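Worksheet: the structure to be examined is printed underneath.
A, B, ... follow the sequence lines: proteins, then strands. Residue 1 opens every chain. These numbers come from a predicted model, not from an experiment.
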Amino acid sequence: MTTTTTTPSPVSRVRNAARANWLFIALGAVAAVSLVRILTDTNDLTSVGTIRAAIIATCPILMAGLGGLWAERAGVVNIGLEGQMVLGTWGAAFFTYHSGSPWVGILGAALLGMIGGLLHAIATVTFGVDHIVSGVAINLIGVGATTYLAEATFTDLEGGGPRQLIGLPTPTTIDRIPGISGPAADLADKHWFFISDVASFVAALTTKISLLSLVIFALVVASGWILWKTSFGLRLRSCGENPQAAETLGVNVYLYKYVAVLISGAMAGIGGGFLALVASSGFSTNQTNGRGYIGLAAMIFGNWRPGGLLAGALTFGYTDSLRLRDTHAVHSLLLLVAVALIAITVLRIVRKQIAGAVAMAVPGAALLVWFLSTDSVPRDFTSMTPYVTTLFVLALGTQRLRMPAADGRPYRKGSAG
Amino acid sequence: MTQESVAVELRGIGKRFPGVIANHDVDLTIRAGTVHALIGENGAGKSTLMKILYGVQKPDDGTIAINGREVALRTPTDAIANGVGMVFQHFMLADNLTVLENMVLGAEKLHGIGDRARAEIRRISDAFGFGLQPDVLVEKLGVADRQRLEIAKVLYRGACIIILDEPTAVLVPQEVDALFANLRELRNAGNAVLFISHKLDEVLAIADDITVMRRGTTVGTADPHTTTKRELAELMVGSELPSPETEESTVTDTVELTLANVTLADEFGRNLLTDVSLSIHRGEILGIAGVEGNGQAELVETIMGMRIPGGGTIHLGTEDVTHWHTRKLREAGIGYIPEDRHRHGLLLDAPLWENRILGHQTQAPNAKGPWINRSGARKDTQRIVAEYDVRAPGIDTPARALSGGNQQKLIVGREMSGDPVLLIASHPTRGVDVGAQAAIWDHIKRARRAGLAVLLISADLDELIGLSDTIQVILRGRLVGTFDPASVTPQDLGAAMTGGQAA
Amino acid sequence: MKSFNPRAIGLALLGPAIAIVASVLVTTLVIAAVGSSPGDFWSTMFDFPKPRSRVDIVNQTAMIYTAAVAAAIGFRMGLFNIGLEGQYTLASYAAAAFAGGAYLSGFANVFVSLLIAVAVGAAWSAIAGILKTTRGVSEVISTIMLNSIAITLVGYLLNKYGVHEGNTVHTTRIDLVSGWTPFENRDGEIWTLVIIAVLAGVGFWVLLNKTRFGFDLRASGQSETVAKASGVNPHRMIITAMALSGGVAGLIWMPALFGKATNFGLGTTFQAGLGFLGIAVALLGRNRPIGMLFGALLFAYLSVKSNDLTFATDVSPSIVQITQGVAVLAVVVAYEVVRRWRARLEQRVVAQELGTATEATA
């Protein structure tokens, strides 16, 4: 650190621009939601309650996605996230019950997820089994083991049954932060354009929020920092980009892949723990209900990056939370998506990308017609949102997505050169 | 050249893989401050030897001494610690990481991963004129820049013994010159450079010492100042260098294949082929000469219907086949010997008789209507194995178990079956032993006498001159000159291939 | 494939053998770990099944086997159709809804319903094929997404058009096709449409080994680039194989629909999860018709017999899910180990027979 330069290097300028882009997209999204809220008079769209529900729905998806990120950055596709997550739900319940501390429970969830990750690492890294095949098997084992273990260990407990365990202590909740929570909530109630929506977000983040949620958000930041700013992270990512090259430079590829997949399993396990301890009143079997897959989708949506992953998880979590609330609010959302698609259409026409414009215009128009001709959206359709969105993002944006170059490829030591 | 200290000394190195002896009794001495060339044919064991020296693979026998001290190189880390660095033929770079990240990977302790590393990269880059920018993504770099980055990676780790595996294979001539200038500077700075190649002109141009490998072992050394290309070549091959003998012309008046102004662009819109026009008559062999990577592969894949040209037309006989798909072209009688057997020619895990069917799935004797004719295919495989001397335990052996030469003979036999009208042959004798090479040449010549039209692509100029009726030179996706093999010399072709002169 | 030498057969059986040992071991350990008796468990499981269970095992084997064939069609050309679950859910709903409408009568109604199941399954999986060929979307991700969409869509359609009865909703009831009763009436019957599994297995074998299309499919699975150079149109092949796989998937639950269920109801009559079992069995049986038959039989046996556990032991029937999962994971690992070993062995054999071991292959 002997050189001090006054002009930022080109790359940091690029990074700053990227950061600014994310900020603009986030602000734009809030503004658009706000506009739709006012136009359709559905204040529930960004009420403190909705945002709080959205954060709770986001956290498990975020952890599954983070698990996917760690594994895939090291070149291992982990569709066993679902199984590792479901193992985490049991681990959280079991260890919380027996220790009395939800934090020990979370560690237990991480441990159980890690066991799932270890299985995946042994199969894919040591034995070179196809990553998808191993993931499918781990999901089978995860669901089976959880169901079996729950019946065997929870049936006779207080608050327990063969398929559930309720009444567990939960992680600390921060009730309010003086000086922020109150004013923010007041401001949110004013229903002003934009300002109230942001205030609502602030209020939700500072009032009655589980400490575990904050830990999870911190884990996203920490993961990003470790993966991109440390030499450990560089080595790990190099295993996902070109393991042969890493090997020729003296990186122990197997070791890094193992570490990455173990962390991946632990992350998914913590996501399962959140489901059991914070998002619901206790453990029940098959609690994950496909969230492992949604996490994977959020990661792809986010282009294998923590910022994008966060955006993806928030989008999916937000739609998921609306499903449980006012159907009118979801209906307003149709308008939002329609407007967004039409805006992209216009942008593409300006850029003379006609095929792309048509691809956007058709669903945009369809949604607009749907919005104008109906009064509500069936709940079933809301729960499809993450999946349909992911398919759309993949179909329209594959060229712009950049997954790790050696992701999912088998690698064997000594294959360099 | 004044320094006489020995940088690397290999004694009696041996390496066996299941069923294959890759190296045995290899002796090699590299002096510090020199460029040492290691030459040999494909499959002579050069690459294995280099992987041993770089610690990627462990030798079964022999000793390695570096700067006079015996060392055990178990991993690349050991090799790096002993000052050995390697530039692989297929670059070992991660496209999605920056120059800086690729550079510091595995060597983070030296200068960190931040501004200190950035400064060191600039220093190396400036010292040798590499022109590297630390924060650019590697995917944005061209081939020559990537190679310079690879060399810089080696220097960054403080290597003084630098191995380059076939570094010129992917370069255009100007880039080769620039590379050689870099290598001379490295040598003058006191480093030992080990240069692996099978291109004799380049070896003679750059090397201070030459060692020749054949069939897994070192067979001799040569002084570049006194030796000739022919002598080197004979050392490499181990016998009088065979070259196919030209026979009298069998060219007829019937045109079999015509390309008119064929143009092909890649996904970024850059032209891979530009206005390629050629015609081949029945009984004619048209040879295409060119430095690898100048559009030969693309030309073949376009004719074979694996790529669709952006402009121009292709006719087979009188039929317009420009937009025909591969299967239809094959059914029309095109035989195809691909450049890369494993990528385009064989199902490695399938038995030989199924590989006989491959590419001819719809044709007799392999198929009857929509059904596979198993007994017909098996019988015909027996015929090919006998006629083409494919040495295999049986036709149920998986193709993977065969040696490269025998795999190639199977392919040649297959593609000559069923009386093709046109044969597209990419490097038909590459990686094949001398005996098989002569046999393959005979088969091609016999088919030519029977009226077969052949498009022959080869890096072996003697093969091209000996077999072809006409030779065209391809350079950066254009046909830049036509030669008569009866009067042309390899030197003339070499000049045209590098853009020196267009006849 | 032709030469039956004992070593080759030994190697082929080694994988499954290792897997069975591993899954037995893990299962025993898990049972012992929670304090139950592995002895009770195994004696109950190995107890010869009662007539009723035998009938159930046959019926279940048929459905699992059909699912395995559907998965294997994709696997053999290197495609991961993880979407069987969604394909057969949607197809089963469509067929049940059509059959319930009784637009046709008797045999014609059954036959056309089956055609609809095939068409819907094929169309749904073809979406993934089209996304892959036109937009480069991995079929793994798209079929996972399509699974969830299909299941939600069926829920919606069922709610909107189904017959509501108390808390449940299902399609209109249909007339069953009477099956074959091998034992007494109370032991149930083997469904007529179990024949679908037989046809699927035989058809799969003939298609792969006897036809040009099958050759192209296998070639594409072994190497996409080689297949392309040999004249296979990779895009058409991907879409065809996906559609074929989905079409077969559409038939998975048909034996039960016309054999016992009479209607389609999520969480009631409809048996979910067969798609994933099919994938597991395809892996277990290495995508070979005979291997998958043993795999399907094993899985069906475990599932059906595990019901006896409730009465005879304190071990929960869900333990067999662990056994099944471990079997799949162990078998793929074992196959990989055996494959590496075999490759080395083959090279050595060839080198010995030819006596030339000097030529290195790059």
Side-chain angles (χ1 to χ4, degrees), chain A residues 77 79 82-83 119-120 122-123 126-153 155 162 285 290 293-294 296-297 300 378-384 386-391 393-399 401 403 408 410 412, chain C residues 26 30-31 33-36 75 80 82 127-128 130-131 134-138 140-142 144-157 159-160 273 276-277 279-280 283 314-337 339-340:
Chain A
V77 174
I79 69 163
E82 178 77 11
L119 277 182
H120 193 52
I122 291 172
T126 304
F127 290 105
V129 168
D130 186 282
H131 299 187
I132 307 294
V133 169
S134 168
V136 168
I138 281 165
N139 287 341
L140 282 177
I141 296 175
V143 172
T146 311
T147 314
Y148 176 74
L149 288 173
E151 279 189 48
T153 57
T155 308
T285 46
Y293 296 125
I294 302 189
L296 205 63
I300 295 168
R379 283 177 198 275
D380 292 307
F381 282 39
T382 324
S383 49
M384 273 186 214
Y387 309 106
V388 177
T389 314
T390 306
L391 275 186
V393 169
L394 283 171
L396 300 174
T398 311
Q399 280 78 12
L401 294 180
M403 71 169 188
R412 282 187 74 183
Chain C
V26 172
V30 170
I31 293 172
V34 300
S36 301
F75 282 137
F80 279 100
I82 310 281
I127 296 175
I130 291 167
L131 281 175
T134 58
R135 309 299 311 177
V137 180
S138 153
V140 176
I141 306 297
S142 61
I144 288 174
M145 299 299 130
L146 285 168
N147 271 347
S148 307
I149 296 172
I151 290 159
T152 327
L153 188 63
V154 167
Y156 167 74
L157 292 171
N159 257 323
K160 189 146 187 195
F276 283 112
L277 282 185
I279 293 171
L283 295 170
D314 62 343
V315 181
S316 142
S318 51
I319 184 73
V320 301
Q321 290 182 34
I322 302 183
T323 317
Q324 291 172 338
V326 172
V328 173
L329 192 62
V331 86
V332 290
V333 169
Y335 279 141
E336 187 60 32
V337 173
R339 193 186 65 75
R340 287 182 190 179

Leading residue by heavy atom contact count with chain C [cutoff under 4.5 Å; candidates [options]]:
options: Ile79(A), Leu140(A), Ile132(A), Ile122(A); answer: Ile132(A)
options: Gly128(A), Gly83(A), Gly290(A), Ala123(A); answer: Gly128(A)
options: Val77(A), Leu149(A), Ile141(A); answer: Ile141(A)

Under 4.5 Å from a heavy atom of chain C, the part of [X] involved:
X: Val136(A); result: side chain
X: Leu296(A); result: side chain
X: Asn139(A); result: neither
X: Ile300(A); result: side chain
X: Thr155(A); result: neither
X: Ala145(A); result: both

Q: Pick whichever of Gly325(C), Ala330(C), Ser318(C) has the most heavy-atom pairs under 4.5 Å with chain A.
A: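 Looking at each option in turn, the highest pair count goes to Ser318(C).
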Q | Best-contacting candidate, Leu131(C), Ile144(C), Ile82(C), against chain A by heavy atom pairs under 4.5 angstrom | A |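 Highest number of heavy-atom pairs under 4.5 Å: Ile144(C).
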Quick one: pull up [atom1] in [X] and [atom2] in [Y] and give me the separation to the nearest 0.5 Å.
X: Met384(A); Y: Ile149(C); atom1: CE; atom2: CD1; result: 7.0 Å
X: His120(A); Y: Leu329(C); atom1: NE2; atom2: CG; result: 9.5 Å
X: Tyr387(A); Y: Leu146(C); atom1: OH; atom2: CG; result: 12.0 Å
X: Arg135(C); Y: Leu391(A); atom1: CZ; atom2: CG; result: 13.0 Å

Segment of [X] engaging chain A (4.5 angstrom heavy-atom cut-off):
X: Val34(C); result: side chain
X: Ile31(C); result: both
X: Arg340(C); result: side chain
X: Ile279(C); result: side chain
X: Ile319(C); result: both
X: Tyr156(C); result: both
X: Val140(C); result: side chain

(Q) Please evaluate residues Phe80(C) and Val133(A) with respect to the criterion side-chain contact (heavy atoms from CB on, under 4.5 Å), reporting the C-alpha separation (whole Å), side-chain torsions for both, the decisive distance (0.1 Å), and the verdict. (A) CA-CA 9 Å; Phe80(C) 279 100; Val133(A) 169; 3.6 Å; yes
Q.
I need the single residue from Val331(C), Val337(C), Leu283(C), Val332(C) that forms a side chain to side chain contact (heavy atoms under 4.5 Å, CB included) with Val129(A). Which is it?
A. Val332(C)
Q: Determine the minimum heavy-atom distance between Ala137(A) and Val328(C), stating which atoms define it.
A: CB-CG1, 3.9 Å
Q.
Looking at every non-hydrogen atom in both residues, tell me the closest pair between Gln321(C) and Gly144(A) and how far apart they are.
A.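 Closest approach of Gln321(C) to Gly144(A), heavy atoms only: OE1-CA, 3.2 Å.
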